[in-house]
Every structure is written in structure tokens, then in C-alpha cells.
S.K.: 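Sharing a structure here in C-alpha cells format.
One-based numbering, in listed order, for ligands and for the atoms of each. Just so you know, residue 1 is the first one in the sequence shown, and it goes up from there. Hydrogens, waters and symmetry mates play no part in the numbers below; they use all other heavy atoms, side chains included.
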Amino acid sequence: MKIDVIAIFPEILEMALHVGILKRAIDRGLLEVCLHNLRDFAEDNRRTIDDYPYGGESGMVLKPEPIFAAVRSLELKETTRVVFLTPQGKPFNQKMAERFSLGTHLILICGRYKGVDERVREKLITDEVSIGDYVLSGGEVPALVLIDAVGRVLPSALGDYESAQNDSFSRELLDHPHYTRPAEFEGMRVPDVLLSGHHQKIMDWRRNRSMEKTAEQRPDLLRKFKNNEVLD
Ligand code: SAM
């Protein structure tokens with residue numbers, strides 16, 4: 001999987017690529033992430049990438065030329081998906097991360113200011129993705145969210161150490177609680193069942209806690225789970 005990121009502040013993503021699961025996926029050749037500074041594709045000496053919006057309103061808009069030039073500088077495949085991170089996009093979720101992880105090339109375009117010139121959307125973008133119903137100052141953090149979620153579901157990216165087996169959303173329910181040593185901490189004991197060694201009882205306990213947690217925090221998910229609806 002190759003991911004190209006086009007951004008004004010690509011350095012925001014830099015550090016995250018040098019630690020943990022993403023670093024390992026990159027070191028093992030499962031993932032390649034190339035960061036591109038949009039200013040490198042500006043047409044003038046002042047490296048201008050934004051301009052005033054037509055129609056008169058406050059704020060600035062990312063100009064089309066540098067974004068078109070940046071995308072055109074990349075090797076595009078038939079299956080390349082050009083993703084614009086935007087609060088107007090489809091809500092990002094685990095299923096979407098899994099779908100993206102099946103591809104081989106993503107280009108992520110990070111907006112700033114009021115966003116990008118609409119012609120970028122019209123001509124270049126295949127997917128618009130939002131990481132939630134709030135507005136951030138730029139698309140770099142959303143791009144990192146997407147890369148992290150996609151990177152960790154790439155086949156064999158996760159070691160046993162980070163196992164995703166029962167992660168939230170992997171079974172349409174939220175994850176169950178986890179405990180580690182000591183068995184008692186400041187008067188709080190680890191539930192006896194987890195110390196019992198009884199595999200089936202432990203599985204039942206985990207499933208029940210998952211259901212309780214989902215009912216408490218995400219009744220919408222539990223409803224879907226009970227109706228056998230697949231999350232999308
Ligand atoms: N005017 C835009 C709107 O109301 O839809 C918001 C622009 S926002 C200040 C600047 C950039 O941050 C966006 O172009 C987008 O790339 C990014 N961004 C902000 N919130 C986001 C979110 N929830 N999901 C994905 N990207 C987001």
C-alpha cells in the first residue's frame with residue numbers, strides 16, 4: 001500500500017510515521033507513506049497556494065493549480081483513490097478503513113482555510129472523508145487518523161502484541177474491558193472469572209461486558225447488532 005499525502009504542513013504527520021505499528025509496517029515494506037508539501041507545486045517564487053474566494057467572503061481558498069500539479073506529479077494507477085479530507089465527507093469508520101486497506105494506492109489531499117477550490121473536487125477527487133462532525137483547522141490530522149486506521153488493518157501489520165481480534169467495531173460491538181497485573185490494585189480486584197482459567201466462562205463474560213458497554217455508550221450499534229445489520 002502506498003499513501004501519498006499532499007498538505008501545507010506535512011511535518012504534522014512526520015513523527016507518527018516513526019513510531020509503533022506504522023513504523024513497523026513501513027520498515028517491513030507493507031506500507032509506504034510519501035509526504036508532499038503543496039508549496040513545492042506553487043507556480044510563483046512566493047510559493048503561493050491560496051487566494052481570496054470569488055464572490056466576496058472572509059477567509060482564503062486553496063488554489064487549484066498547485067493541487068492539480070501535485071496530483072499529476074504522482075504515478076496514478078487505475079485503482080488509485082484520491083481522497084479529500086473534509087467535514088463534508090462520508091463519516092470515516094472501521095469498515096471504510098478496511099475497504100481502503102484492500103487497495104494499493106491512496107492520495108490524501110489535506111485542506112486548510114476555507115477548503116479547496118471546487119474544481120479540485122470536480123476533477124480529481126474520488127472520495128470525500130470526514131473524521132467527525134466538527135471542524136478542524138486542517139486536513140493533516142484527519143489524514144493521519146486515516147493512515148493510522150488503514151495501516152493497522154493491513155494484512156500482517158499487527159503483531160500479537162497489539163492483536164485486533166476483539167477491537168471495537170471488529171464484531172459490530174465495542175471492546176470488552178481489559179485487566180493486567182496486579183490482581184488487586186488499591187482495593188480493586190480483577191473479576192474472579194478472568195483468574196479462573198475457565199475458557200468458556202471468560203468468553204461469556206467478555207461478550208456480556210461488550211454488550212453492556214455498547215448498550216451504555218452506543219445504543220445505535222447495539223440495535224444494529226441485534227437486528228443483524230452489517231455496519232457500513
Ligand atoms: N469550510 C469548510 C467547511 O465548512 O466544510 C471547513 C474548512 S476547515 C477550516 C479546513 C480543512 O480542514 C478542510 O478543508 C479539511 O481538509 C480539514 N478538516 C476540517 N475538519 C475536518 C473533518 N472533520 N474531517 C476531515 N477533514 C477536516
S.K.: Can Phe84 be said to touch ligand 1, with heavy atoms closer than 4.0 Å?
M.R.: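 For ligand 1, residue contact (heavy atoms, under 4.0 Å) with Phe84 is present.
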
S.K.: For Leu136 and ligand 1, does the shortest N/O to N/O distance drop below 3.5 Å?
M.R.: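 Between Leu136 and ligand 1 (N or O atoms, distance only) the closest approach is under 3.5 Å.
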
S.K.: With respect to Arg81, which candidate in Thr104, Thr126, Asp127 satisfies the side-chain hydrogen bond (donor to acceptor under 3.5 Å, both in side chains) definition?
M.R.: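 Among the candidates, only Asp127 passes.
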
S.K.: Between Glu140 and Arg112, is there a salt bridge with N-O shorter than 4.0 Å?
M.R.: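 Salt bridge flag = yes for Glu140 with Arg112.
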
S.K.: Show the atoms of ligand 1 that are less than 4.0 angstrom away from any heavy atom in Gly132.
M.R.: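 Result: 23 (N).
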
S.K.: Tell me which protein heavy atom sits closest to atom 15 (C) of ligand 1, plus the residue, atom name and distance to 0.1 Å.
M.R.: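 For atom 15 (C) of ligand 1, the nearest protein heavy atom comes out as Leu85 O, 3.0 Å.
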
S.K.: Which atoms of ligand 1 are found less than 4.0 Å from any heavy atom of Gly139?
M.R.: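 Listed by number with element, the hits are 12 (O), 16 (O), 17 (C).
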
S.K.: Any idea which part of Thr86 is under 4.0 Å from ligand 1, heavy-atom wise: side chain, backbone, both or neither?
M.R.: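 The answer is the backbone of Thr86.
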
S.K.: Any idea which protein heavy atom is nearest atom 24 (N) of ligand 1, and the distance to it?
M.R.: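 Sorting protein heavy atoms by distance from atom 24 (N) of ligand 1 puts Ile131 N, 3.1 Å first.
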
S.K.: Is the shortest distance from a Lys or Arg side-chain nitrogen in Asp4 or Lys2 to a carboxylate oxygen in the other one below 4.0 Å?
M.R.: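 A salt bridge is present here (some side-chain N lies under 4.0 Å from a carboxylate O).
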
S.K.: Around atom NE2 of His18, are there more than 12 heavy atoms from other residues, nucleotides or ligands closer than 6.0 Å?
M.R.: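 Yes.
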
S.K.: Which of the listed options, Glu140, Glu128, Lys114, holds the heavy atom that is closest to atom 2 (C) of ligand 1?
M.R.: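 Shortest heavy-atom distance from atom 2 (C) of ligand 1: Lys114.
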
S.K.: To check your reading of the model: name the closest protein heavy atom to atom 7 (C) of ligand 1, its residue, and the distance in Å.
M.R.: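 Protein heavy atom at minimum distance: Tyr113 O, 3.3 Å.
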
S.K.: In terms of atom number and element, which parts of ligand 1 are under 4.0 angstrom from non-hydrogen atoms of Pro142?
M.R.: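 Answer for ligand 1: 25 (C), 26 (N), 27 (C).
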
S.K.: Considering non-hydrogen atoms of the protein only, which is the closest contact for atom 18 (N) of ligand 1, and what is the distance?
M.R.: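 Going atom by atom, the protein heavy atom closest to atom 18 (N) of ligand 1 ends up being Pro87 CD, 3.7 Å.
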
S.K.: Would you mind listing which atoms of ligand 1 come within a distance below 4.0 Å of any non-hydrogen atom of Gly115?
M.R.: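 Contacts of ligand 1 toward Gly115, numbered from 1: 14 (O).
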
S.K.: Which heavy atom of the protein is the closest neighbour of atom 3 (C) of ligand 1, given with residue, atom name and distance?
M.R.: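 Of every protein heavy atom, Gln88 NE2, 3.6 Å lies nearest to atom 3 (C) of ligand 1.
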
S.K.: So which atom in Lys213 and which in Asp175 form the shortest heavy-atom distance, rounded to 0.1 Å?
M.R.: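 Heavy atoms of Lys213 and Asp175 come nearest at CG-O, 4.2 Å.
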
S.K.: Can you tell me how far CG of Leu62 sits from CG of Asp117, rounded to the nearest 0.5 angstrom?
M.R.: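 Spacing of CG (Asp117) from CG (Leu62) equals 9.5 Å.
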
S.K.: When you check the gap from the basic side-chain N to the acidic O, do Asp44 and Arg46 get nearer than 4.0 Å?
M.R.: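 Salt bridge: no.
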
S.K.: Tell me the protein heavy atom at minimum distance from atom 23 (N) of ligand 1, and give that distance in Å.
M.R.: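 Its nearest protein heavy-atom neighbour is Tyr134 O, 2.8 Å.
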
S.K.: Output the list of atoms in ligand 1 that are nearer than 4.0 Å to some heavy atom of Ser137, sorted by atom number.
M.R.: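 Contacts of ligand 1 toward Ser137, numbered from 1: 10 (C), 12 (O).
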
S.K.: What atoms of ligand 1 come closer than 4.0 angstrom to any heavy atom of Val129?
M.R.: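 Once the distances to Val129 are compared, the set is 25 (C).
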
S.K.: Given the rule in the side-chain hydrogen bond (donor to acceptor under 3.5 Å, both in side chains) test, do Glu212 and Asn208 qualify, once you have shown the distances and angles that lead to the verdict?
M.R.: CA-CA 6 Å; Glu212 275 173 21; Asn208 289 337; over 6 Å; no

S.K.: Measure the acute angle between the ring planes of Trp205 and Tyr179, then classify it against the limits of 30° and 60° as parallel, tilted or perpendicular.
M.R.: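 Trp205 and Tyr179: tilted rings.
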
S.K.: Flag the pair Lys224 and Glu172 as a salt bridge only when some basic side-chain nitrogen lies within less than 4.0 angstrom of an acidic carboxylate oxygen.
M.R.: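 No, no charged N to carboxylate O under 4.0 Å.
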
S.K.: Consider only side-chain N and O atoms of Arg99 and Gln94, and report whether a donor and an acceptor are under 3.5 Å apart.
M.R.: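 Looking only at side-chain atoms, Gln94 and Arg99 do not form any donor-acceptor pair under 3.5 Å.
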
S.K.: Mark the output for Val116 as yes if a heavy-atom distance to ligand 1 is under 4.0 Å, and as no if none is.
M.R.: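 Not so, Val116 does not reach ligand 1.
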
